[in-house]
Amino acid sequence: MLLRSVRLVPIGLGGRGGDPVDLRIVDGQVTQIAPTLGRRSAEQVIDAEGRWAIPGLWDQHTHPAMWALTRRRIDLVGATGPDDTLRRVAEHMRGIPAGTSLVLGYGHRSGDWTAQPSVAALDAVTGDRPVALASGDGHNGWLNSAALRLIGLPPRPGILAEEEWYAAYTRLEVHDPDSADPTEALRDALGRAHAKGVVGIRDFEFGSSFDTWPTRVASGLDTMRVRASVYPDRLEEVGALGLRTGDPLVPGQPLVTMGPLKIISDGSLNTLTAWCCEPYLGEDLLDTSSGAPNLDLEELVPIMARARALGVTAAIHAIGDAAVAATLDAFEASGQIGTMEHAQLVRWSDLPRMARLRVNASVQPAHVLDDRDVSQRWWGDRTERLYAFRAMVDAGIALMLGSDAPVSPLDPWLAMAAAVHRSGDQRSPWHQEQAITVAEALSASIDGQPTLGVGSRGDIALLDADPLAVPAEGEGSPAHAAYLRGMQVAATIVAGRVVHTSSLRAL
């Protein structure tokens, strides 16, 4: 492929910029850049017409099948409480076929509700048809009595959370035809991601994803770079297959590779299960005042050490500050390398240690927009240590931006806008002292790639505007955030293959 007339966006402190150049990709790698390159025989030529070229974008934390299927669920995003949720469920139930065996919903967040979900209330609007509602943070589920019976669970008054919910969700999927074969939903979802300039994802689907992608690739889902994870219950299976992080999962298909071991070490803020050093505010509403670990250090370290011995890196979910500290203890004790997923609430003293251990922070800036109010309610005495992106960068910690889709939309431009502005409405930015620059946000969204040059991956997003431009209102302003959110991607190229285009002209 030969791209004519592209402007190379400089990444970090160096790189090209300025006048348009031609760029050649051979065998999935950039091989030449010059003011003008001659066309070779049978070479695909695309006129970029002076558009801006960046390394392809990555989302470093996704649950792609769950994200793809949310379009087929009851939409509960933004539900203001149990009554609003039940109204949406009842309205949806009136429009579905009588023979539907299981009805699923997604997206409610009960962390700041004044009343909590009850099975009896859901039963009252759903009757004997099984209904299961997954929370927007993915850490709890609200099931009616029929759904509990369907998967063999005894009656209960309220929600299922954490490990109990993860096990229940896996059993619910057996009864959901969409979950059994999400191929078409995924095809649509990956296309939407490509339209945002995304060339790669890390897949943290519950239940492990390393063994599902070979089948997906065979079904034609071969346009995205994917690093597929494994959870602890299947780690030995990965070891038996001889798979190490970075190994191709499909012979002859280098885009889909073995990713890290994923461990969920604590809960979430919205489910009020994140493990904290100090009690939640209003802890009289909680079973445990400070949250709790899902695994203690004596359990976490051997699993991480075993993965290290097998050549599999680690990605450890840690949201509360106690979980962050314990996760760093586990990285140090096990000698592992990898990422901390979320790292939402931190102690200042842990940031230098995180940098020293070279644990990357895989963070989701759009959660700042979703969690602002619930954080103020439960962690109002410590929010200055929440989503501390500026402090992390200043400490020397590498940031990797993502979405946790479907928890927030798989949209790297939304993530970058949230990282530099930290507000999703008309209110002033929330703890703007923790904002990062657009250059830093872009660098954290391209999988560590430098400015496009000879030897770069042939993964490119061509943009209609300069992503580093700052409007007159200034960096981090509402206008700047709107500019980033509105970024238009003219084409997305993965390993020299066009996987999305809007208006480019082939020559």
Side-chain angles (χ1 to χ4, degrees), residues 1-60 190 193-201 217 222-227 245-258 400 412 439 442-468 489-507:
M1 174 184 292
L2 178 62
L3 295 179
R4 291 209 183 278
S5 188
V6 300
R7 299 179 190 273
L8 303 182
V9 175
I11 305 300
L13 298 177
R16 292 171 175 260
D19 295 335
V21 295
D22 291 354
L23 180 151
R24 172 168 282 125
I25 302 172
V26 178
D27 294 332
Q29 189 175 62
V30 177
T31 59
Q32 284 183 286
I33 295 177
T36 303
L37 293 171
R39 182 175 190 170
R40 294 176 178 175
S41 176
E43 188 169 52
Q44 181 184 11
V45 180
I46 294 175
D47 186 0
E49 300 176 324
R51 287 180 171 86
W52 284 260
I54 61 172
L57 299 167
W58 276 71
D59 191 310
Q60 297 287 357
L190 295 181
H194 287 320
K196 295 290 185 179
V198 176
V199 301
I201 59 174
V217 168
D222 60 353
T223 62
M224 184 75 77
R225 292 192 188 272
V226 179
R227 294 174 187 148
T245 295
D247 287 349
L249 294 178
V250 180
Q253 218 286 16
L255 298 187
V256 180
T257 60
M258 186 67 221
M400 302 163 56
L442 179 60
S443 293
S445 302
I446 52 178
D447 198 45
Q449 296 297 293
T451 305
L452 289 168
V454 174
S456 294
R457 298 174 191 161
D459 300 347
I460 298 172
L462 290 175
L463 311 177
D464 285 347
D466 180 0
L468 298 183
V489 178
T492 304
I493 298 164
V494 177
R497 173 186 177 187
V498 177
V499 295
H500 160 76
T501 186
S502 58
S503 58
L504 290 190
R505 184 164 58 94
L507 300 176

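Counting from 1, the numbers follow the sequence of the chain as shown.
- When atom types are taken as modelled, the side chain of R51 and the backbone of D464 share no donor-acceptor pair closer than 3.5 angstrom.
- Remark: the backbone N or O of L57 is not paired with any side-chain donor or acceptor of S445 at under 3.5 angstrom.
- Between D22 and P35, the closest side-chain pair of non-hydrogen atoms is not below 4.5 Å.
- The nearest pair of heavy atoms linking G50 to R7 is O-NE, 3.0 Å.
- For T492, the side-chain contact (heavy atoms from CB on, under 4.5 Å) criterion is met by H194, V199, V489, V499, H500, not counting sequence neighbours.
- Note that CG of L462 and OG of S5 are 10.5 Å apart. Values are rounded to the nearest 0.5 Å.
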| Check against side-chain contact (heavy atoms from CB on, under 4.5 Å), L255 and D222 | CA-CA 8 Å; L255 298 187; D222 60 353; 5.8 Å; no

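- Just one residue in the list I54, L8, I25 forms a side chain to side chain contact (heavy atoms under 4.5 Å, CB included) with I460, and that residue is I25.
- Of the candidates D59, V494, V256, V198, V198 is the only one forming a side chain to side chain contact (heavy atoms under 4.5 Å, CB included) with M224.
- Checked against side-chain contact (heavy atoms from CB on, under 4.5 Å), V26 has the following partners two or more places apart in sequence or in another chain: R24, T31, R40.
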| request: Let me see the working for L23 and Q32 under side-chain contact (heavy atoms from CB on, under 4.5 Å), right down to the final yes or no. | output: CA-CA 6 Å; L23 180 151; Q32 284 183 286; over 6 Å; no

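- One N or O on the side chain of D459 and one on the backbone of A495 form a donor-acceptor pair closer than 3.5 Å.
- Side chain of T257 to main chain of G246: no donor-acceptor pair is present (N/O by atom type, distance under 3.5 Å, no hydrogens or angles).
- Taking all atoms of both residues into account, the shortest heavy-atom contact from L468 to A439 is CD2-CA, 3.9 Å.
- A distance-only check finds a donor-acceptor pair linking the side chain of T451 to the backbone of I11 [under 3.5 Å].
- With rounding to the nearest 0.5 Å, the separation of CZ in R4 from OG1 in T36 is 7.5 Å.
- Using a distance-only test at 3.5 Å, with no hydrogens or angles considered, no donor-acceptor pair links the side chain of D47 to the main chain of L3.
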| task | Go through Q449 and W58 one step at a time and tell me if the side-chain contact (heavy atoms from CB on, under 4.5 Å) criterion holds. | result | CA-CA 10 Å; Q449 296 297 293; W58 276 71; over 6 Å; no

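- Note that CG of L2 is 8.0 Å distant from CZ of R39, once rounded to the nearest 0.5 Å.
- With sequence neighbours left out, the salt bridge (Lys or Arg N to Asp or Glu O under 4.0 Å) criterion links D447 to R227, R457.
- Side-chain contact between L463 and V9: absent, with no pair of heavy atoms (C-beta onward) separated by less than 4.5 Å.
- Of all heavy-atom pairs between A34 and L37, the closest is CB-CD2, 3.6 Å.
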